[in-house]
Amino acid sequence: MNLLFLGPPGSGKGTQAKVVCEDLGILHLSTGDLLRDSVRQGTELGGKARKYMEAGELVPDELIVGMIEEKMTGGELDNGYILDGFPRTVPQAEALKAMLTKNNSRLDMAVLIDVPDEEVVARLSKRAEIEGRADDADESIVRNRLDVYKKQTQPIIDFYRKESILEAVPGTGTIDEITARILSVIKE
Ligand code: AMP
């Protein structure tokens, strides 16, 4: 099962992706986590990505697509996965489609976790306290990430709607309630 989780920053994509991956026995692939690891390890990619991440801007498509291509060819995704935080732009969605087609593979479903803006800002400031992510702590950076989501990422919702694999799930309620909704659309 090859899945994609979509939603604004703070929608709970990462939390839900972890739980659902465990339930289904598939791999969780978060580009945000991979990038944060690269920054921590001081790799070349981390060095290039850092300034964008700190500003709440998107890292350039070619860096992200290169990172995903490496994972796709490494074999670790062969038994299924959830993509979390990728694609974030239409060119990334197109690059992913081309990569999958080349490998005779495809996405089975794109799950959109729907959360209102006000709730997103409140959740991110709470996450800043718990996880200490600098890009969650500053309200102007959080607002910028929401703007970036609306301008650059929301258009991919239509991309997957046109591919007829989009399923939207309300992202409010308890973590368990949201997990149950997601599992039910996946298993249907
Ligand atoms: P996330 O943990 O998914 O919120 O990602 C944290 C930051 O990493 C984002 O604000 C971006 O700067 C960067 N990032 C993660 N995934 C992508 C992507 N697919 N395209 C561009 N930038 C990304």
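Every heavy atom of this structure was used, including side-chain atoms; hydrogens, water molecules and symmetry mates were not. First listed ligand is number 1; within each ligand, the first listed atom is number 1. Not measured: the values here are computed from a predicted model.
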message: Could you walk me through whether K18 and E22 satisfy the salt bridge (Lys or Arg N to Asp or Glu O under 4.0 Å) test, starting with their C-alpha distance in whole Å, then the side-chain angles of each, then the deciding distance to 0.1 Å, before giving a yes or no?
response: CA-CA 6 Å; K18 281 191 195 92; E22 238 166 68; over 6 Å; no
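- Of the heavy atoms in I64, only side-chain atoms (C-beta onward) come closer than 4.0 Å to ligand 1.
- Interface of E57 with ligand 1, defined as ligand atoms under 4.0 Å from a residue heavy atom, comprises 11 (C), 12 (O).
- The existence of a salt bridge linking D147 and K150 is excluded, since no basic side-chain nitrogen approaches an acidic carboxylate oxygen closer than 4.0 Å.
- Contact atoms of ligand 1 toward G85: 16 (N), 17 (C), 18 (C), 19 (N) (distance under 4.0 Å to a heavy atom of the residue).
- For E163 and K97, the salt-bridge test passes: some basic side-chain N is under 4.0 Å from an acidic carboxylate O.
- Taking each of K51, E54, R88 in turn, the one with a heavy atom nearest to atom 1 (P) of ligand 1 proves to be R88.
- A salt bridge links D136 to R145: at least one charged side-chain nitrogen sits closer than 4.0 Å to a carboxylate oxygen.
- At the shortest separation from atom 10 (O) of ligand 1 among protein heavy atoms lies R145 NE, 4.1 Å.
- A donor and an acceptor atom, one from each side chain of T179 and Q16, are located under 3.5 Å apart.
- Side chains of D176 and T174: no donor on one and acceptor on the other come within 3.5 Å.
- At least one heavy atom of R36 sits under 4.0 Å from some atom of ligand 1.
- Nearest protein heavy-atom contact of atom 22 (N) of ligand 1 is V59 N, 3.0 Å.
- When the options T31, N144, L35 are ranked by their closest heavy atom to atom 14 (N) of ligand 1, first place goes to L35.
- Under a 4.0 Å criterion applied to the non-hydrogen atoms of Q92, ligand 1 contributes the atoms 18 (C), 19 (N), 20 (N), 21 (C).
- Remark: D23 engages K187 in a salt bridge, criterion side-chain N to carboxylate O under 4.0 Å.
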